[in-house]
Student: 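Quick one: this structure, given as structure tokens, is what I'll be asking you about.
Values reported hereafter were calculated over all heavy atoms of this structure, with side chains retained and with hydrogens, waters and symmetry mates removed.
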Amino acid sequence: MAYHLYYWPSIQGRGEFVRLALEAAGAEYVDVARGEPAKGQGVPALLALLQDGDQRQPPFAPPILRHGKLLVAQTAAILQYLGPQLSLVGKSAAAKVWTHQIELTVTDMAAEVHDTHHPISTALYFEQQLAPAIDRARAFRTARLPKYLTWFETILQRNPANATGRQLHLVGARLSYVDLSLFQMVEGLRYAFPKAMRRQIRKYPLVAQLHREVQQHKRLAAYLSSDRRIAFNEDGLFRRYPQLDA
């Protein structure tokens, strides 16, 4: 049974964390809003789902995953659901909880990245909140970014499987969805803050190594070089504004 992913068709955003898991696992899925409205897909299908007054458990916002009759929203919850089905999480309860905890931290980090360019309101344009955005971005680059990267580096150092394994992983000895999410976070940060990331990433060699190794994953490499991979742009989660980078 194919998965149906509902997310905006022109941005990577939070939906990309889900796409990476589906692509890395070789799962059959439909990126609904990128389909043709004439076939019952496209943005109208996404909006219809969001505005469905008969939903007893209505999703707040995309990304949303439909699998059969089940509807799951929120990136971390979707990945928690997909992990066991796609063999992208360990089998033990402890591994599943730890993996979910890491993903929730990625989610927190993504929110802080978003707030660098929209620190006051999503209802305002970037130019309308430029001064506070500059302040927020400076605080993120100098304090929050290194704090997050230090934590991820520490996890990689303390994972005993990395001492003997041929590739690095955040949890256990196999690729998990949080490896993919950290890869995406690094990719997005390199786009949004190229100057800051050139300096920062040198301090975190294990994070940089994991990023390289995930990028070389056979299925993921094929996806990243295909037209299914939407380019970063200034409508998404990660936005490149020179005023915010230093």
Side-chain angles (χ1 to χ4, degrees), residues 3 5 7 12-27 29 59-60 62-67 70-114 144-145 147-189 204-221 223-224 237-238:
Y3 300 97
L5 174 65
Y7 197 69
Q12 291 185 22
R14 291 169 177 81
E16 192 68 10
F17 295 96
V18 180
R19 291 189 187 109
L20 291 179
L22 293 166
E23 291 285 348
Y29 78 101
F60 178 72
I64 305 162
L65 184 80
R66 186 190 292 279
H67 191 214
L70 182 66
L71 207 61
V72 188
Q74 297 289 354
T75 303
I78 294 171
L79 292 172
Q80 185 182 37
Y81 172 73
L82 286 175
Q85 300 195 32
L86 303 182
S87 298
L88 288 175
V89 69
K91 294 183 178 180
S92 72
K96 291 175 182 176
V97 170
W98 176 225
T99 305
H100 185 54
Q101 179 181 329
I102 298 171
E103 187 63 39
L104 288 171
T105 306
V106 173
T107 300
D108 289 343
M109 189 178 185
E112 293 199 38
V113 171
H114 171 272
R144 301 301 290 169
L145 176 59
K147 185 169 185 176
Y148 279 113
L149 292 177
T150 297
W151 188 71
F152 290 122
E153 186 82 3
T154 299
I155 294 173
L156 290 166
Q157 291 171 347
R158 296 183 185 178
N159 180 4
N162 288 337
T164 55
R166 290 185 296 177
Q167 291 187 324
L168 295 179
H169 300 291
L170 286 164
V171 183
R174 295 181 57 188
L175 182 74
S176 68
Y177 62 80
V178 286
D179 294 327
L180 301 169
S181 292
L182 181 55
F183 161 81
Q184 176 65 7
M185 179 58 66
V186 172
E187 279 287 284
L189 291 169
Y204 307 99
L206 298 183
V207 171
Q209 182 181 338
L210 181 140
H211 173 267
R212 291 193 302 271
E213 291 174 353
V214 169
Q215 193 170 27
Q216 294 165 3
H217 182 278
K218 186 175 181 179
R219 290 196 191 101
L220 202 64
Y223 167 66
L224 295 173
L237 171 64
F238 300 99

Student: Yes or no on side chain to side chain contact (heavy atoms under 4.5 Å, CB included) for Leu86 and Tyr3, after CA distance, side-chain angles and deciding distance?
Tutor: CA-CA 11 Å; Leu86 303 182; Tyr3 300 97; 3.9 Å; yes
Student: Within the distance-only criterion (no hydrogens, no angle test), does the side chain of Thr105 pair as donor or acceptor with the backbone N or O of Gln101 below 3.5 angstrom?
Tutor: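 Present.
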Student: Starting at OH of Tyr204, measure out to CD of Glu153 and round the result to the nearest 0.5 Å.
Tutor: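 Nearest 0.5 Å value for the OH-CD distance: 8.0 Å.
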Student: Within a strict 4.5 Å, meaning less than it, do heavy atoms of the Leu175 and His217 side chains meet?
Tutor: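 Answer yes - side chains close enough.
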Student: Say you draw a straight line from CG of Leu79 to CD1 of Ile102; how long is it, rounded to the nearest 0.5 Å?
Tutor: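 Leu79 CG to Ile102 CD1: 12.5 Å, rounded to 0.5 Å.
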Student: Any heavy-atom pair between the side chains of Ser181 and Leu20 that's under 4.5 Å?
Tutor: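 The answer is no, as the side chains (C-beta and beyond) never meet within the 4.5 Å cut-off.
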Student: Looking at residues at least two apart in the chain, or sitting in another chain, which of them share a ring-ring contact (aromatic ring centres under 6.0 Å, His included) with His114?
Tutor: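 Result, ring-ring contact (aromatic ring centres under 6.0 Å, His included) vs His114: His117, His118.
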Student: Where do Glu103 and Gln80 land on the side chain to side chain contact (heavy atoms under 4.5 Å, CB included) test, with the steps shown first?
Tutor: CA-CA 9 Å; Glu103 187 63 39; Gln80 185 182 37; over 6 Å; no
Student: Can you name the one residue among Arg14, Gln12, Arg19 that meets side chain to side chain donor-acceptor pair (under 3.5 Å) with Glu16?
Tutor: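 So, applying the side chain to side chain donor-acceptor pair (under 3.5 Å) to Glu16 and each of Arg14, Gln12, Arg19, only Arg19 qualifies.
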Student: Side chains of Thr75 and Tyr7: does their closest heavy-atom pair fall under 4.5 Å?
Tutor: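 Heavy-atom side-chain distance check fails, nothing below 4.5 Å.
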Student: To the nearest 0.5 Å, tell me how far Asp179 CG sits from Gln184 CD.
Tutor: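 Reported to 0.5 Å precision, the distance equals 13.5 Å.
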Student: Any side-chain heavy-atom pair from Tyr223 and Leu22 closer than 4.5 angstrom?
Tutor: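 The answer is no, as the side chains (C-beta and beyond) never meet within the 4.5 Å cut-off.
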Student: Output, in order, the C-alpha distance, side-chain angles, deciding distance and verdict of side chain to side chain contact (heavy atoms under 4.5 Å, CB included) for His100 and Leu104.
Tutor: CA-CA 6 Å; His100 185 54; Leu104 288 171; 3.7 Å; yes
Student: Does the side chain of Val106 come within less than 4.5 Å of Tyr148's, by heavy atoms?
Tutor: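 Of all side-chain heavy-atom pairs linking Val106 with Tyr148, none is under 4.5 Å.
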Student: Within the distance-only criterion (no hydrogens, no angle test), does the side chain of Asn162 pair as donor or acceptor with the backbone N or O of Gln157 below 3.5 angstrom?
Tutor: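 The answer is no, because no donor-acceptor pair under 3.5 Å joins these two groups.
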Student: Applying side chain to side chain contact (heavy atoms under 4.5 Å, CB included) to Phe238 and Glu187, what does each step give before you reach the verdict?
Tutor: CA-CA 9 Å; Phe238 300 99; Glu187 279 287 284; over 6 Å; no
Student: Going from CD on Gln74 to CD1 on Ile78, what distance comes out if it is rounded to the nearest 0.5 angstrom?
Tutor: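 Output value for this atom pair is 8.0 Å.
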Student: Could you check whether any side-chain heavy atom of Leu170 comes within less than 4.5 Å of a side-chain heavy atom of Trp98, counting everything from C-beta outward?
Tutor: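 No, too far: nothing below the 4.5 Å cut-off.
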Student: Between Gly15 and Pro63, which heavy-atom pair has the shortest distance, and what is it?
Tutor: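 Closest pair (atom of Gly15, atom of Pro63, distance): CA-CB, 4.0 Å.
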Student: Please give me the minimum heavy-atom distance between Val178 and Thr99, naming the atom from each residue.
Tutor: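 Looks like CG1-O, 3.2 Å.
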Student: Report yes if some heavy atom in the side chain of Leu237 is under 4.5 Å from a heavy atom in the side chain of Phe17; otherwise report no.
Tutor: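 Yes, close enough: below the 4.5 Å cut-off.
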Student: What closest approach, in Å, do Ala73 and Ala77 show between heavy atoms, and which atom pair accounts for it?
Tutor: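 Heavy-atom minimum between the residues: O-CB, 3.4 Å.
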Student: How long is the span from the CG atom in Leu210 to the CZ atom in Arg212, to the nearest 0.5 Å?
Tutor: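 Answer for the CG-CZ pair, Leu210 versus Arg212, is 9.5 Å.
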Student: Any idea which heavy atoms bring Pro84 and Val89 closest together, and the distance?
Tutor: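 Closest pair (atom of Pro84, atom of Val89, distance): N-CG1, 3.4 Å.
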Student: Met185 versus Met109: any side-chain heavy-atom pair under 4.5 Å?
Tutor: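 Yes. Closest side-chain heavy atoms under 4.5 Å.
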Student: What is the distance from atom CD of Gln215 to atom CZ of Phe183, rounded to the nearest 0.5 Å?
Tutor: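 The CD atom of Gln215 sits 4.5 Å away from the CZ atom of Phe183.
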Student: If you compare all heavy atoms of Arg166 against all heavy atoms of Glu213, which two are closest, and at what distance to 0.1 Å?
Tutor: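 So the minimum-distance heavy-atom pair works out to O-OE2, 4.1 Å.
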Student: Taking His169's backbone N and O only, do any of them form a donor-acceptor pair with Asn159's side chain (distance below 3.5 Å, no angle check)?
Tutor: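 Here the side-chain-to-backbone pair exists.
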Student: So among Leu5, Leu180, Val72, which one has a side chain to side chain contact (heavy atoms under 4.5 Å, CB included) with Val18?
Tutor: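 Single side chain to side chain contact (heavy atoms under 4.5 Å, CB included) partner of Val18 among Leu5, Leu180, Val72: Leu5.
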